[in-house]
Amino acid sequence: MRIPPHRPSGHPGSIRRPLRHAIGATVAVSAAVVALVTPAANAAPHNPSSTSGGAAGPDTTTTHAGATTAQERDRINAYWTPERMKLAGAMVPEITPVPKDDNTPDDPRPLPANTPDSGAVWTHGGAVEKNVGRLFFTFSDGYDGSCTATVVTSANRSTVITAAHCLRGVGSPSANDTWNHNLYFVPGYRNGMKPLGGFSAKAMATSSRWDADPATTESSDVAAAGYDTGLLVANPAAGGQPIEDVTGSQQIGFGKPVADEFVHALGYPNNGLNDTKDKYVGSRMIHCAGPSHPGPKVPLLWGETCDMSAGSSGGPHLAHFDTRTGTGTVVGVTTTDEELAGGPAPTLYATRFGDSAHRLYDWAQSR
């Protein structure tokens, strides 16, 4: 699961189309698919205990306005047609075939508890089929990408969590090309459909570590230092209900990871749009599960055996997951794979939630 670093078009050394699709394996390994973060070639070793992977000064909250008018919300809703959603993340969408629907049969039987899974379509229903979904956006160069996001329990009933690199790249928060545009969350996305509607973002937030100078700091540096959490405040549904009233929510937890804790990961990988050797094209939600362990190169990131690719960035890693109800506690969001964090392939690593994520969550749920 590789995702190229997020860089605005015209940035020295950037290759517009390939970068557009890689946001997952490197914190933004695939600029158009947004999923995983990948390290820069010949980069110096990461030092997670250092604060050099971000802006100087204390870790604070950097916010950005989204769709704040009815006209803008309507425009974004109309923009994300079924075909556009199916091709989000394609490196060359102009010539990429629209992927066929994935009609893997649903299985109403609950998955047995603590069953390891290295990657398969989630067919067992439950709450995750309503409150986990694809997060779509447009890069500053005009191409579309996607990540994964989750509705979490909150005071405003409007809080959605994902990876920071799905929202922006490293750079000045006031620069228009730092942030992605047309953000649109589709809970329960399946084969180009919006079963519960689509939700634009009213506001979003990341750690101020992302405000660093892109000439000296890579997205992967910020991610490796544990700051790859992004929060969205969703606009209400067409009928005025907050998103949590429509989708339900997952609990969220902040604390120290536990070695070998059994964790479930969910996401919408889609690198198959660009690589015929990859089986995932973003049509259905994919599930992985297994004991969690820290990355040998980047111990602040924790992961499980999983073959998800770009597009799964921002997807939830759930502890205490009940396979009968599809509910658990989100303890982290997908950031990268073994290329950045080390360990055996395939491994999917998450930014686990601590004080920085808690600060972002408190900001979001108060809006």
Side-chain angles (χ1 to χ4, degrees), residues 3 5-7 23-24 26-29 34 36-37 46-66 135 137 147 149-150 152 154 159-175 177-180 183 201 203-233 252-257 295 298-302 313-317 330-336 340-341 349-367:
I3 302 175
H6 182 292
R7 290 175 183 153
I23 299 179
T26 162
V27 168
V29 176
V34 175
L36 305 174
V37 183
H46 293 289
N47 177 9
S49 63
S50 168
T51 58
S52 61
D59 167 35
T60 57
T61 299
T62 294
T63 65
H64 186 70
L135 176 65
F137 49 84
C147 276
T150 309
V152 290
S154 62
T159 300
V160 179
I161 199 160
T162 188
H165 75 259
C166 297
L167 306 182
R168 62 176 295 189
V170 172
S172 168
S174 62
D177 60 4
T178 295
W179 298 87
N180 294 330
L183 270 83
M204 61 202 79
T206 70
S207 164
S208 59
R209 299 297 183 192
W210 287 84
D211 302 349
D213 183 351
T216 59
T217 303
E218 295 283 342
S219 293
S220 53
D221 296 325
V222 185
Y227 297 105
D228 195 29
T229 303
L231 269 296
L232 299 171
V233 180
I252 186 169
F254 307 89
K256 188 176 180 179
V298 186
L300 288 181
L301 302 181
W302 285 62
S313 287
H317 288 233
V330 184
V331 294
V333 291
T334 294
T335 289
T336 189
L340 173 64
Y349 287 95
T351 293
R352 298 294 289 261
F353 301 150
D355 291 345
S356 180
H358 208 322
R359 190 159 36 248
L360 295 170
Y361 171 73
D362 286 345
W363 172 86
Q365 69 167 342
S366 68
R367 295 309 186 264

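The model shown is predicted, which means the values in this text are computed figures rather than measured ones.
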Engineer: Do the non-hydrogen side-chain atoms of W363 and V233 ever get within less than 4.5 Å of each other?
Structural biologist: yes
Engineer: Which atoms form the tightest heavy-atom contact between S207 and Y227, and what is the distance?
Structural biologist: OG-CD2, 3.6 Å
Engineer: What are the two closest non-hydrogen atoms of A225 and L300, and how far apart are they?
Structural biologist: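 Answer, listing the atom of A225 first, then L300: O-CD1, 3.5 Å.
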Engineer: Do you know the tightest heavy-atom contact between T162 and A149?
Structural biologist: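 Answer, listing the atom of T162 first, then A149: CB-CB, 3.9 Å.
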Engineer: Rounded at 0.5 Å granularity, tell me how far CG in L231 sits from CZ in R367.
Structural biologist: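 Spacing of CG (L231) from CZ (R367) equals 11.0 Å.
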Engineer: Which pair of non-hydrogen atoms, one from L167 and one from A205, has the smallest distance, and what is that distance?
Structural biologist: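 Smallest heavy-atom distance, with atoms named: CD1-O, 4.0 Å.
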Engineer: Measure the CG-NE2 distance between L183 and H64 for me, rounded to the nearest 0.5 Å.
Structural biologist: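 So the CG of L183 and the NE2 of H64 are separated by 8.5 Å.
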Engineer: Do the ring centers of Y361 and F353 come within less than 6.0 Å of each other?
Structural biologist: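 Ring centres of F353 and Y361 not closer than 6.0 Å.
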Engineer: A201 and L232: which non-hydrogen atoms are nearest, and at how many Å?
Structural biologist: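 A201 and L232 have their closest heavy atoms at CB-CD2, 4.1 Å.
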Engineer: Once side-chain hydrogen bond (donor to acceptor under 3.5 Å, both in side chains) is applied, do any residues pair with T60, and if so which ones, sequence neighbours excluded?
Structural biologist: S208
Engineer: Minimum heavy-atom separation for C166 and N180, please, with both atom names.
Structural biologist: O-ND2, 2.9 Å
Engineer: What's the separation between atom CZ in F254 and atom NE2 in H358, rounded to the nearest 0.5 Å?
Structural biologist: 4.5 Å
Engineer: How far apart are the C-alpha atoms of V170 and D221, what are their side-chain angles, what is the distance that settles it, and do they pass the side chain to side chain contact (heavy atoms under 4.5 Å, CB included) test?
Structural biologist: CA-CA 10 Å; V170 172; D221 296 325; over 6 Å; no
Engineer: Could you list the residues that satisfy side-chain hydrogen bond (donor to acceptor under 3.5 Å, both in side chains) with S172, not counting sequence neighbours?
Structural biologist: S174
Engineer: Treating T217 as the side-chain partner and P214 as the backbone partner, does any N or O pair qualify as donor plus acceptor under 3.5 Å?
Structural biologist: no
Engineer: Donor-acceptor pair, R168 side chain versus W210 backbone, under 3.5 Å?
Structural biologist: yes
Engineer: Do T229 and T351 have side-chain N/O donor and acceptor atoms under 3.5 Å apart?
Structural biologist: no
Engineer: Y349 versus T335: any side-chain heavy-atom pair under 4.5 Å?
Structural biologist: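 Contact flag for Y349/T335 side chains = no.
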Engineer: If the condition is side-chain hydrogen bond (donor to acceptor under 3.5 Å, both in side chains), which residues does S154 pass it with, not counting sequence neighbours?
Structural biologist: N156, T159
Engineer: Applying side-chain hydrogen bond (donor to acceptor under 3.5 Å, both in side chains), can you list everything that pairs with S356, at least two apart in sequence or on another chain?
Structural biologist: D59
Engineer: Could you please spell out the steps behind the side chain to side chain contact (heavy atoms under 4.5 Å, CB included) verdict for T61 and D362?
Structural biologist: CA-CA 10 Å; T61 299; D362 286 345; over 6 Å; no
Engineer: Hey, are D228 and R209 close enough for a salt bridge, meaning a charged N less than 4.0 Å from a carboxylate O?
Structural biologist: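 Here D228 does not pair with R209 in a salt bridge, since their nearest N and O are not under 4.0 Å apart.
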Engineer: Is a side-chain N or O of W179 found less than 3.5 angstrom from the main chain of P173, in a donor-acceptor match?
Structural biologist: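 A pair under 3.5 Å: yes.
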Engineer: How long is the gap from CD1 on I252 to CD1 on I161, to the nearest 0.5 Å?
Structural biologist: 3.5 Å
Engineer: Report yes if the side chains of H317 and T334 come closer than 4.5 Å at any heavy-atom pair, otherwise no.
Structural biologist: yes
